[in-house]
Each structure stands twice: as structure tokens, then as C-alpha cells.
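Everything below concerns the one structure shown next.
The first residue of the sequence shown is numbered 1, and numbering continues consecutively from there.
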Amino acid sequence: MKYNDLKVEKNIRPVRKGRGISAGQGKTAGRGTKGQKARAGHNKMPVGFMGGQRAIMQAVPKLKGFKSFHAKAEVVYTDRLNDLKGKVDNLVLAEKGLISNPYNKVKIITRGELKAKIELETQFASKTAIEAIKKAGGSFKKVAILKRSAKNKEA
């Protein structure tokens, strides 16, 4: 063991404020003289309290509406699926240009007539779209959103 490896805890007692002038932190106890911050309970002010005048968050006008941070699902219509065959998932839909990105949510909605027999694997589909797929002889399976693969450090 070396001298610099020793771990010594400081033996300091807590400061006892307001115990007389000779104690070092007596009389005003480090709060200065007078004013709101010198009084008891000054640390219990609400966030944004501005000394009794109107707070900034009350003065600023509130904006209407709501902005969602969740990305909306991309819509694919059933009549656009007639060109596809076999198993259809997000990758196939992106390859054919029906969606912009295979890592986005996809929802299938009914429009026109579906004649192709496909095994659809996407995140969402309307009830009528599922009925149309089954009527054409296909199937629908709800799957999770594709996760992006980690990029190789070598590439």
C-alpha cells in the first residue's frame, strides 16, 4: 500500500448556522440582510416565480393544437398490391416503390379490388383490407417494425 492509495474521509462537522455572532455563521446566517431571500420559506417558491410580478410562462400566449412525435404510418392501398405475388413485407413494398422506407410503419387500406394471392406481413391493416386479402386467397400477419441493423465498423 502506498501513501497516495490511502482513502481518508474528511472529518468535518456540519455547519450550525444562526448560533450567535462568534460562531461564524451567526446573526443573518449567511443570508445577507433583509429581502425575500432572507426570510424563512424563501426556497419554497414555485418554479418560474418572479418576485410577485407575472411570470414569463403566464405572459407568453399559449399555442393551440398538439404536435405528435410519433411518425405516422405510410398508407398502401389494396389495388396497388395486384402487381405483387407470394410473401409481401416492408422490404418488398419499399423495393417496388410503394413506401419510402422499409423501417417505417405501414398500413394497408382498401381501395379498388385485390385479385393477387399474397401473404402480407405488415404492421397494420384495416378490417376491410384483411377481408379483401382473405377473399383473394391470401393471408395477413401483423409483424413488428423492422429494426435498422448496426453498421459494420469496417465498412
Side-chain angles (χ1 to χ4, degrees), residues 1-15 17 30-32 35-155:
M1 177 160 289
K2 296 177 186 171
Y3 183 76
N4 63 331
D5 290 338
L6 290 174
K7 291 188 177 179
V8 180
E9 292 184 20
K10 292 182 179 179
N11 190 13
I12 299 173
R13 284 190 233 153
V15 176
K17 294 188 173 187
R31 290 176 181 240
Q36 189 174 24
K37 289 185 179 178
R39 312 291 185 220
H42 81 279
N43 58 349
K44 294 178 182 142
M45 296 295 160
V47 175
F49 182 75
M50 293 170 59
Q53 69 184 17
R54 188 165 60 158
I56 189 78
M57 60 276 258
Q58 291 172 328
V60 173
K62 312 303 182 280
L63 298 175
K64 292 182 179 179
F66 170 76
K67 175 93 168 126
S68 176
F69 295 110
H70 297 289
K72 290 187 177 179
E74 291 194 41
V75 175
V76 177
Y77 296 104
T78 52
D79 61 351
R80 306 281 311 272
L81 300 174
N82 284 324
D83 306 338
L84 308 172
K85 295 177 185 174
K87 183 181 170 186
V88 176
D89 59 358
N90 287 19
L91 292 169
V92 175
L93 293 171
E95 216 173 84
K96 297 289 182 181
L98 296 175
I99 59 173
S100 64
N101 188 344
Y103 305 107
N104 292 348
K105 294 184 269 186
V106 176
K107 181 165 184 175
I108 309 298
I109 295 179
T110 308
R111 183 178 77 181
E113 191 176 336
L114 178 67
K115 297 173 184 169
K117 182 180 177 182
I118 56 171
E119 297 172 29
L120 189 65
E121 294 184 3
T122 59
Q123 289 70 49
F124 308 103
S126 65
K127 288 180 183 178
T128 53
I130 294 171
E131 289 172 11
I133 291 165
K134 288 182 179 176
K135 184 180 174 186
S139 62
F140 172 75
K141 182 180 175 186
K142 186 174 182 175
V143 294
I145 303 167
L146 288 174
K147 300 287 182 193
R148 294 178 190 270
S149 60
K151 294 181 180 177
N152 294 338
K153 292 181 180 177
E154 297 170 9

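From K141, atom NZ reaches atom CD of Q123 across 12.5 Å, with rounding to the nearest 0.5 Å. The CG atom of L81 lies 7.0 Å from the CG atom of L98; values are rounded to the nearest 0.5 Å. Here the CG atom belonging to L120 is positioned 4.5 Å from the CD1 atom belonging to I133, to the nearest 0.5 angstrom.
Considering all non-hydrogen atoms of both residues, V47 and M57 come closest at O-CE, 3.7 Å. Listed here is the closest heavy atom pair of A94 and N101: CB-C, 4.4 Å. Here the shortest heavy-atom pairing between Q58 and R54 reads OE1-CG, 3.6 Å. Here the shortest heavy-atom pairing between Y103 and L146 reads CD2-O, 3.6 Å.
More than 12 heavy atoms of other residues, nucleotides or ligands shown are found within 6.0 angstrom of CG on N43.
For the pair E131 and L114, the minimum side-chain heavy-atom distance is 4.5 Å or more. Contact annotation: the side chain of Q36 approaches that of M45 to within less than 4.5 Å [non-hydrogen atoms, C-beta and beyond]. Taking 4.5 Å as the limit, every side-chain heavy atom of I109 sits out of range of all side-chain heavy atoms of T78. Taking 4.5 Å as the limit, some side-chain heavy atom of I56 sits within range of a side-chain heavy atom of M50. Looking at heavy atoms from C-beta onward, F124 lies in side-chain contact with K142 at the 4.5 angstrom threshold. Considering only heavy atoms from C-beta on, T122 comes within 4.5 Å of F140 through its side chain. Side-chain contact between L93 and L84 is present, with at least one heavy-atom pair separated by less than 4.5 Å.
Not a single donor-acceptor pair under 3.5 Å links the side chain of K117 to the backbone N or O of S139. No donor-acceptor pair closer than 3.5 Å links the side chain of N104 to the backbone N or O of N90. Using modelled atom types, one side-chain atom of K62 and one backbone atom of V60 make a donor-acceptor pair closer than 3.5 Å. Side chain of E74 to backbone of K107: no donor-acceptor contact under 3.5 angstrom is found. A side-chain donor-acceptor contact under 3.5 Å links K105 to the backbone of A71.
Residues in residues 78-93 take part in these salt bridge (Lys or Arg N to Asp or Glu O under 4.0 Å) pairs, two or more places apart or across chains: D79-R111, K87-E121.
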* Show your reasoning for whether side-chain contact (heavy atoms from CB on, under 4.5 Å) applies to R31 and R39. => CA-CA 9 Å; R31 290 176 181 240; R39 312 291 185 220; 5.8 Å; no
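For T128, the side-chain hydrogen bond (donor to acceptor under 3.5 Å, both in side chains) criterion is met by T110, S126, not counting sequence neighbours.
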